[in-house]
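The sequence lines fix the lettering, A, B, ..., with proteins before strands; numbering per chain opens at 1. Every heavy atom of this structure was used, including side-chain atoms; hydrogens, water molecules and symmetry mates were not. Keep in mind the model is a prediction, meaning the values are calculated, not measured.
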2 protein chains.
Amino acid sequence: MSFALNDLDEVSQTLKLLGDKTRLTMMKLLEKQECCVCELVEIFKTSQPSVSQHLRKLKDAGLVKENRKGQWIFYSVNPNCTQNELIQKLIAFVPSQDHELEELDKKGLRISCD
Amino acid sequence: MSFALNDLDEVSQTLKLLGDKTRLTMMKLLEKQECCVCELVEIFKTSQPSVSQHLRKLKDAGLVKENRKGQWIFYSVNPNCTQNELIQKLIAFVPSQDHELEELDKKGLRISCD
DNA sequence: TCATTATATAACTATTCACTTATATGTTCA
DNA sequence: TGAACATATAAGTGAATAGTTATATAATGA
């Protein structure tokens, strides 16, 4: 769930959320395409609960949406987020994470449900 | 002093710094014009050490610069900051703080050294 | 020089935060 | 139905953070 905030609170809350390297990188990745939790665990070299907890914060703030496909849950940037304009501008300053996805492909760890 | 960081670290550090409502508002104010510590204490209705500590963080990151005038030290946004482009874009999303400065004027608490 | 004013710093405290481990929930498939 | 896999949640822990109080430093002016 997300809460109604005034502009100042909303902006500072968004910056606080994205002032974490993991979440900021996640947004850059998930802007380009959806990823499931286990892919993010591999990319960030961290535990599954850690990834889930970051995703929950992003989801509670309305920044990402989830899309279950069978046993996997794919996350992606929510284009209807009220903060979308700000977020687009922020993410533009984050270095591309394409290499991370290529790495996943190479290792054969990319999950596909198509 | 400010430290050399890669792009990702630099961006996330900046967002973390400005993910605080007080510091974010300070940047909005100090972008328009310089303010001294005692003015900011009045505006933010908080203690002098609290204001000084926020300013120090902003200064350590290179986001603001100081300018002593007699017993007062005036702070303003540092236009030579390496993160300047990002910061300009962020600040544009913060509501105007002009009313705060007008309030100061009304109360006769504006410090002027001209 | 001394009192006053402005600011910085230090030490402490309460809260927040990210991460870990353990466990629960949900889905698939044999 | 039950084992295996994917994800979420709960509880605990240590580090970071913002604020407080107390004190130090610095500038002014009588």
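The base of dA8(D) is paired with the side chain of Gln48(A) by a donor and an acceptor separated by under 3.5 Å.
In this entry the distance linking CG of Asp20(A) with P of dC17(C) reads 11 Å, nearest Å. Rounded to an integer number of Å, the gap from His54(A) NE2 to dA18(C) P is 6 Å. Atom CD1 of Ile73(A) is separated from atom C1' of dA6(D) by 8 Å (rounded to the nearest Å). Rounded to whole Å, atom C1' of dT16(C) lies 12 Å from atom CZ of Arg23(A). Glu66(B) has its CD atom 14 Å from the C1' atom of dA27(D), to the nearest Å. Rounded to whole Å, atom P of dT7(D) lies 12 Å from atom NZ of Lys69(A). Rounded to whole Å, the distance from NZ on Lys45(A) to C1' on dC19(C) is 18 Å. Following rounding to the nearest Å, Lys21(B) (NZ) and dT17(D) (C1') show an atom-to-atom distance of 16 Å.
Of the candidates dT17(D), dA18(C), dC19(C), dC19(C) carries the atom nearest the Gln53(A) side chain, counting heavy atoms from C-beta on. When distances are taken from the side chain of Gln71(A) to each of dT21(D), dA22(C), dA6(D), the shortest belongs to dA6(D). Residue Trp72(A) places its side chain closer to dT7(D) than to any other of dT7(D), dT9(D), dA8(C). Of the listed nucleotides (dA18(D), dT20(D), dT7(D)), dT20(D) has the atom at the smallest distance from the side chain of Ser47(B).
Within the structure, a side-chain polar atom (N or O) of Thr46(B) is placed less than 4.0 Å from OP1 or OP2 of dT20(D). The side chain of Arg56(A) places no N or O atom within less than 4.0 Å of a non-bridging phosphate oxygen (OP1 or OP2) of dA8(D). Look at Arg68(A) and you won't find any side-chain N or O under 4.0 angstrom from OP1 or OP2 of dT7(D). Taking side-chain N and O atoms only, Lys16(B) has no distance below 4.0 Å to OP1 or OP2 of dC17(C). The phosphate of dA6(D) has neither OP1 nor OP2 within less than 4.0 Å of any side-chain N or O from Tyr75(A). Taking only side-chain nitrogens and oxygens, Ser50(A) comes nearer than 4.0 Å to OP1 or OP2 of dC19(C). Taking 4.0 angstrom as the limit, Lys59(A) places none of its side-chain polar atoms (N or O) nearer than this to OP1 or OP2 of dA8(D).
At a threshold of 4.0 angstrom between heavy atoms, the contacts of Phe44(A) with the nucleic acid are absent.
Looking only at side-chain heavy atoms (C-beta outward), Arg23(B) and Ser12(A) stay at 4.5 Å or farther from each other. Counting heavy atoms from C-beta on, the side chains of Leu17(A) and Leu15(B) never come closer than 4.5 Å. Within the 4.5 Å cutoff, no side-chain heavy atoms of Thr22(B) are placed close to those of Thr46(B).
Applying the side-chain contact (heavy atoms from CB on, under 4.5 Å) test between Leu30(A) and each of Leu63(A), Ile91(A), Val77(A) identifies Val77(A) as the sole match. With Cys36(A) as reference, Ile111(A) is the one residue of Ile111(A), Asn67(A), Val51(A), Ile73(A) to meet the side-chain contact (heavy atoms from CB on, under 4.5 Å) rule. Each of Glu66(A), Lys69(A), Glu39(A) was evaluated against Glu34(A); a single residue qualifies, Lys69(A), per the side-chain contact (heavy atoms from CB on, under 4.5 Å) test.
Between Gly70(A) and Lys57(A), it is Lys57(A) whose nearest contact on DNA chain C lies nearer the 5' terminus.
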